[in-house]
Number of protein chains: 2
Amino acid sequence: MKKSPEVSNAVIARLPKYYSLLISLREKGMKKISSTQIAECLGYSPSQVRQDFSCFGEFGQHGYGYDIDNLIKNLAHLLDLDRNHNMVIIGAGKLGQAIAHHQLYKKNNIHVKALFDIKEGIKSPDCPVYTMDKLGSFIKENDIDVAMIATDADSCQKIIDDLYALGIRKVLNFVEIDVITPPGMTVLNINVMEGLYILFFKSLMK
Amino acid sequence: MKKSPEVSNAVIARLPKYYSLLISLREKGMKKISSTQIAECLGYSPSQVRQDFSCFGEFGQHGYGYDIDNLIKNLAHLLDLDRNHNMVIIGAGKLGQAIAHHQLYKKNNIHVKALFDIKEGIKSPDCPVYTMDKLGSFIKENDIDVAMIATDADSCQKIIDDLYALGIRKVLNFVEIDVITPPGMTVLNINVMEGLYILFFKSLMK
DNA sequence: TAGATTGTTAATCGATTAACAATC
DNA sequence: TAGATTGTTAATCGATTAACAATC
């Protein structure tokens with residue numbers, strides 16, 4: 001399901017902002033919204049909002065604006081949020097257990113099915129923990145399509161390659177090393193130290 | 001210590017990449033490097049590397065390239081990494097405890113001095129945990145300049161305002177809500193759900 | 001119909017790349 | 001000196017903003 005030729009990273013980075021905003025406005029009971037209102041909430045320009053949406057289709061009505069429900073449906077489809085995602089977490093230490101419980105998973109149809117660790121006997125509340133040798137069969141039997149990695153640096157690349165071999169194509173990686181992404185796989189890195197660097201730099205600039 | 005008029009976010013986002021790369025090359029024993037080599041490692045263009053550095057000064061030598069040690073010193077200074085940082089973590093649940101232990105803090109002169117939580121009696125390995133009422137005096141007495149927040153959504157804004165009142169100006173926030181940043185404070189948000197959204201979208205585009 | 005707001009084209013702005021003089 | 005590579009200026013490319021016809 002390839003999208004219109006190329007969507008710039010700048011646009012991609014804004015999509016989650018639009019989506020989160022609209023969800024929270026809908027929760028407050030709003031039914032319609034204009035590009036100007038969206039722009040105000042997010043600090044963008046109204047043109048940019050319309051330009052961004054126009055990468056994907058025509059979601060509004062001339063002279064009216066956007067029906068929030070409809071816009072959310074369209075964005076949810078773009079972000080692949082209009083279906084279930086079953087997830088495993090590799091690494092059942094404190095970080096793995098922490099990211100296994102996220103208040104927003106349920107709202108987004110994301111289900112953490114299990115954690116995996118090389119160590120035996122780890123327990124985590126509300127979620128089974130298995131040893132790594134069970135990973136292959138578990139992925140097959142539970143229709144897993146996405147994984148998070150929260151192991152140590154040494155095992156990370158091997159785990160990515162193993163997940164790839166097992167058919168996983170979406171990985172959110174919390175391990176702060178440079179990994180080689182197999183072709184066709186999408187790996188997104190969450191990098192805390194990089195965040196600190198940027199925080200320090202921006203703070204110094206003020 | 002205000003930097004040259006305005007450094008674009010695009011440049012800022014690349015600074016940690018340069019820094020991390022150079023640190024790892026130095027560990028491998030490399031002494032010098034050219035803009036072309038840096039560009040190859042990071043997937044940038046050589047012009048961009050030189051253009052980026054030129055925002056801050058002249059770090060290289062004509063006809064030679066960059067002395068890695070010297071370049072690291074310059075970047076470390078830009079990123080405020082050439083001095084100690086003392087940090088507290090607010091929220092001593094699994095996430096707070098996980099982010100309290102990060103292999104790279106030591107290398108970067110970042111010291112996690114304590115965790116704080118509303119609950120009493122929480123223990124964390126290698127790091128004291130105090131109740132919130134001790135926060136003010138602890139920050140004063142331990143020369144704390146940076147905080148991470150890993151609490152629940154409800155208390156996050158109040159904690160930011162409290163930290164501000166206590167003189168903290170650098171915050172890395174793991175709580176996924178929109179916060180109001182007091183003027184002069186720098187808050188950087190780590191947002192896992194946004195990461196998942198972008199992961200899903202990019203994966204769908206392939 | 002008049003008013004409002006979209007979707008899109010054109011104009012502007014900023015970031016990246018190319019080119020090259022300076023120089024080690 | 002000849003070769004290499006920087007720092008910087010100019011050219012190009014892409015993203016944002018402005019303008020406006022289309023239309024609900």
Side-chain angles (χ1 to χ4, degrees), chain A residues 3-18 21-22 25 30-75 78 198 201-202 205, chain B residues 3-18 21-22 25 30-75 78 198 201-202 205:
Chain A
K3 291 292 170 324
S4 41
E6 271 312 324
V7 180
S8 79
N9 278 321
V11 174
I12 297 174
R14 285 189 293 267
L15 291 178
K17 307 286 185 188
Y18 292 127
L21 173 70
L22 291 162
L25 292 178
M30 271 182 72
K31 299 288 181 201
K32 61 155 287 189
I33 196 164
S34 69
S35 58
T36 307
Q37 288 173 293
I38 295 175
E40 257 168 36
C41 293
L42 296 173
Y44 306 153
S45 78
S47 311
Q48 180 158 77
V49 173
R50 297 200 297 276
Q51 192 74 275
D52 284 354
F53 292 163
S54 77
C55 296
F56 307 105
E58 308 192 359
F59 303 151
Q61 286 169 258
H62 286 251
Y64 174 83
Y66 301 89
D67 177 81
I68 289 182
D69 236 25
N70 180 258
L71 189 49
I72 287 176
K73 271 201 194 74
N74 279 294
L75 289 174
L78 286 174
I198 291 172
F201 179 84
K202 288 192 170 180
M205 278 214 305
Chain B
K3 291 292 171 326
S4 40
E6 271 314 323
V7 180
S8 79
N9 278 322
V11 174
I12 297 174
R14 286 190 293 267
L15 291 179
K17 306 287 185 188
Y18 293 128
L21 173 70
L22 292 162
L25 293 178
M30 270 182 72
K31 299 289 183 202
K32 61 155 287 188
I33 196 163
S34 69
S35 58
T36 307
Q37 288 172 293
I38 295 174
E40 259 168 34
C41 293
L42 296 174
Y44 306 153
S45 78
S47 310
Q48 180 158 74
V49 173
R50 297 200 297 278
Q51 193 73 277
D52 284 353
F53 293 164
S54 77
C55 295
F56 308 104
E58 308 191 0
F59 303 152
Q61 285 169 260
H62 286 251
Y64 173 84
Y66 302 87
D67 177 80
I68 290 183
D69 236 25
N70 180 259
L71 188 49
I72 287 176
K73 272 203 192 75
N74 279 293
L75 289 174
L78 286 174
I198 292 172
F201 178 85
K202 288 193 170 179
M205 278 213 305

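Protein chains get the first letters and strands the later ones, always in sequence-line order, with residue 1 at the start of each. Treat the numbers as computed from the prediction; the structure is a model and nothing was measured.
Here dT23(C) presents its P atom at 16 Å from OH of Tyr66(B), a figure rounded to the nearest Å. A straight line from CD of Gln48(B) to P of dT5(D) spans 20 Å, rounded to a whole angstrom. The CG-C1' distance, from Leu71(A) to dG7(C), rounds to 14 Å in whole Å. For the pair Asp67(B) CG and dT5(D) P, the computed distance is 15 Å after rounding to whole Å. Regarding Tyr64(A), its OH atom lies at a distance of 19 Å from the C1' atom of dA2(C), rounded to whole Å. Rounded to a whole Å, the CZ atom of Phe59(B) is 15 Å from the C1' atom of dT8(D). The CZ-P distance, from Phe56(A) to dG7(C), rounds to 14 Å in whole Å. Separating the CZ atom of Arg50(A) from the P atom of dA4(C) is a distance of 15 Å, rounded to the nearest angstrom.
Aromatic ring centroids of Tyr18(B) and Tyr44(B) lie under 6.0 Å apart.
Stacking of Lys32(A) on the aromatic ring of Tyr66(A) is not recorded, the 6.0 Å distance cut-off and the 45° axial limit not both being met.
Note that the CD1 atom of Ile33(A) and the CG atom of Leu71(A) stand 8.5 Å from one another [nearest 0.5 Å]. In this structure, CG on Leu75(A) lies 5.5 Å from CZ on Phe53(A), to the nearest 0.5 angstrom.
Note on Ser35(A): only backbone sugar-phosphate atoms sit closer than 4.0 angstrom, heavy atoms only; bases stay farther off. When heavy atoms are screened at a 4.0 angstrom cut-off, Ser45(A) is found touching the sugar-phosphate backbone but no base atom.
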Test log, rule side-chain contact (heavy atoms from CB on, under 4.5 Å), inputs Asn9(B) and Lys202(A): CA-CA 10 Å; Asn9(B) 278 322; Lys202(A) 288 192 170 180; 3.5 Å; yes
Candidate pair Ile12(A) and Met205(B), rule side-chain contact (heavy atoms from CB on, under 4.5 Å), full reasoning: CA-CA 11 Å; Ile12(A) 297 174; Met205(B) 278 213 305; 3.7 Å; yes
Stepwise side-chain contact (heavy atoms from CB on, under 4.5 Å) check, Val7(A) with Phe56(A): CA-CA 9 Å; Val7(A) 180; Phe56(A) 307 105; 3.8 Å; yes
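Considering only the side chain of Ser34(A), dT6(C) comes nearest among dT6(C), dT23(C), dT8(D). Residue Ser54(A) places its side chain closer to dT8(C) than to any other of dT8(C), dT16(D), dT23(C).
Contact annotation: side chain of Glu58(B) to base of dT6(D), donor-acceptor pair absent below 3.5 Å. Interface remark: the Ser8(A) side chain does not form any donor-acceptor pair with the dA15(D) base, using a distance-only criterion of under 3.5 Å. A donor N or O paired with an acceptor N or O is found under 3.5 Å between the base of dT17(D) and the side-chain atoms of Gln51(A).
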5'-to-3' dot-bracket of DNA chain C (Watson-Crick, G-U; under 3.5 angstrom; crossing pairs as [ ]; | other strand): ..||||||||||||||||||||||
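Between Gly60(B) and Ala10(A), it is Gly60(B) whose nearest contact on DNA chain D lies nearer the 5' terminus. Residue Val11(A) is the one, among Gln61(A) and Val11(A), whose nearest nucleotide of DNA chain D lies closer to the 5' end (criterion: closest heavy atom).
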